[in-house]
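Please read all numbers here as calculations on a predicted model, not as lab measurements. As a basis for the values below, the full set of heavy atoms in this structure was taken, side chains included, without hydrogen atoms, waters or symmetry mates.
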Amino acid sequence: DAPNFKINRVPIDDLYLANAEAFIPEPEKGSITDMTVTSDGLFYVVTTNGVKANAFFKTHDGGEVKALDIPVSAGALLLSAKGQKFSEVWMTATGWVTLTTRFRYDLETDTFTDETMSSKPEYPEFADVVVKEVEVESHDGAMVPVSIIHKKDIPMDGSAPMLVYG
């Protein structure tokens, strides 16, 4: 009953799915694509249109959902943790022009630290590239996702040539 997924929970002493309660409801937009549990709570990822990933956190006691401000534009996010008895959580982000980067997130200070495990290649040609994720209305009224990838100094007024693929 949740094509974009939801996260339910059940007490450990009553593992019947019929008794599960919704902990994270199905997102209105996007799909839940990853999750991990730490001693602090639940971290999870919602990916929209397959190209825009956002991370969220919710405490075990069911407090408010907190959106996490990832320091890069991520098309995909993968979560990892030491385990449910530890606080540490890592997020590996990648995107159209975002090199794969591994961040350690500190919930207490709400900060991300780059802990990429290998040296990063440099691509100076991507330094001035901008990625915009938009939706446009098709002839039948359906909203269609479009990724616009361009140099930041190109005017968005229709005067520049473009390539449409898809």
Peer 1: Which residue pairs pass the ring pair (Phe, Tyr, Trp, His ring centres under 6.0 Å) test with at least one member in residues 47-73, sequence neighbours excluded?
Peer 2: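 Pairs touching residues 47-73 that pass the test: Phe43-Phe57, Tyr44-Phe56.
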Peer 1: Taking atom CD of Glu125 as the centre, does the number of heavy atoms from other residues, nucleotides or ligands within less than 6.0 Å exceed 12?
Peer 2: yes
Peer 1: Would you say the side chain of Arg104 lies within less than 4.5 Å of the side chain of Asp114, judging by non-hydrogen atoms?
Peer 2: no
Peer 1: Which residue pairs pass the salt bridge (Lys or Arg N to Asp or Glu O under 4.0 Å) test when at least one of the two sits in residues 49-60, sequence neighbours left out?
Peer 2: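 Every pair satisfying salt bridge (Lys or Arg N to Asp or Glu O under 4.0 Å) with a residue in residues 49-60: there are none.
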Peer 1: For Thr36 and Val89, which heavy atoms make the closest approach, and how far apart are they?
Peer 2: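 Here Thr36 and Val89 meet closest at CG2-CG2, 3.8 Å.
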Peer 1: Please collect all salt bridge (Lys or Arg N to Asp or Glu O under 4.0 Å) contacts where either partner lies in residues 59-82, sequence neighbours excluded, each pair once.
Peer 2: Lys66-Asp110, Lys82-Glu88
Peer 1: Ignoring hydrogens, what is the shortest heavy-atom contact between Gly63 and Thr59? Give both atom names and the distance.
Peer 2: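 Nearest heavy atoms, Gly63 then Thr59: N-OG1, 3.2 Å.
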Peer 1: For Ser147, which residues count as a side chain to side chain contact (heavy atoms under 4.5 Å, CB included) partner, sequence neighbours excluded?
Peer 2: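 Expected list: Val51, Trp96, Glu133.
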Peer 1: Examine Phe112 and Val45 and state if one hydrophobic cluster contains both, with Ile, Leu, Val, Met, Phe, Trp and Tyr joined whenever side-chain heavy atoms are less than 4.5 Å apart.
Peer 2: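 Same hydrophobic cluster.
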Peer 1: Side-chain heavy atoms under 4.5 angstrom apart, residues restricted to Ile, Leu, Val, Met, Phe, Trp, Tyr: same cluster for Val136 and Met156?
Peer 2: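 Yes, because Val136 and Met156 connect within a single hydrophobic cluster, where side-chain heavy atoms sit under 4.5 Å apart.
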Peer 1: Taking a hydrophobic cluster as the set of Ile, Leu, Val, Met, Phe, Trp and Tyr residues connected by side-chain heavy atoms closer than 4.5 Å, whether directly or through intermediates, do Ile149 and Val134 fall within one such cluster?
Peer 2: no
Peer 1: What's the separation between atom CZ in Phe86 and atom OG in Ser39, rounded to the nearest 0.5 Å?
Peer 2: 9.0 Å
Peer 1: Check whether Thr101 reaches the backbone of Leu99 with its side chain - one donor and one acceptor, N or O, closer than 3.5 Å.
Peer 2: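 Checking the backbone N and O of Leu99 against the side chain of Thr101, a donor-acceptor pair under 3.5 Å is found.
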Peer 1: Which atom names give the shortest non-hydrogen contact between Ala53 and Ile70, and what distance separates them?
Peer 2: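 Result for this residue pair: O-CD1, 4.3 Å.
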Peer 1: Can you see whether Thr111 engages Asp106 through a side-chain donor-acceptor pair at a distance of less than 3.5 angstrom?
Peer 2: no
Peer 1: Applying salt bridge (Lys or Arg N to Asp or Glu O under 4.0 Å), which residue pairs with at least one partner in residues 149-162 are found, sequence neighbours left out?
Peer 2: Asp128-Lys152
Peer 1: Is it true that Leu77 and Val46 fall in one hydrophobic cluster, defined by side-chain heavy atoms closer than 4.5 Å?
Peer 2: no
Peer 1: Going through the checks in order, is the side chain to side chain contact (heavy atoms under 4.5 Å, CB included) test met by Arg102 and Thr100?
Peer 2: CA-CA 7 Å; Arg102 181 176 180 253; Thr100 301; over 6 Å; no
Peer 1: Scan the side chains in residues 18-32 for donor-acceptor partners under 3.5 Å anywhere in the protein, sequence neighbours excluded, and list what turns up.
Peer 2:
unit_1: Asn19; atom_1: ND2; unit_2: Asp14; atom_2: OD1; d: 3.1
unit_1: Asn19; atom_1: ND2; unit_2: Asp14; atom_2: OD2; d: 3.0
unit_1: Glu21; atom_1: OE2; unit_2: Arg9; atom_2: NE; d: 3.0
unit_1: Glu26; atom_1: OE2; unit_2: Asn4; atom_2: N; d: 2.9
unit_1: Lys29; atom_1: NZ; unit_2: Glu135; atom_2: OE1; d: 2.8
unit_1: Lys29; atom_1: NZ; unit_2: Glu135; atom_2: OE2; d: 3.1
unit_1: Ser31; atom_1: OG; unit_2: Asn4; atom_2: OD1; d: 3.0

Peer 1: Starting from Phe5, can I reach Leu79 by hopping between I/L/V/M/F/W/Y residues whose side chains sit under 4.5 Å apart?
Peer 2: no
Peer 1: State, yes or no, whether a side-chain contact exists between Pro121 and Tyr123 at a heavy-atom distance under 4.5 Å.
Peer 2: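 Contact flag for Pro121/Tyr123 side chains = yes.
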Peer 1: Would you check if Thr94 and Thr92 make a side-chain contact, meaning some heavy-atom pair closer than 4.5 Å?
Peer 2: no
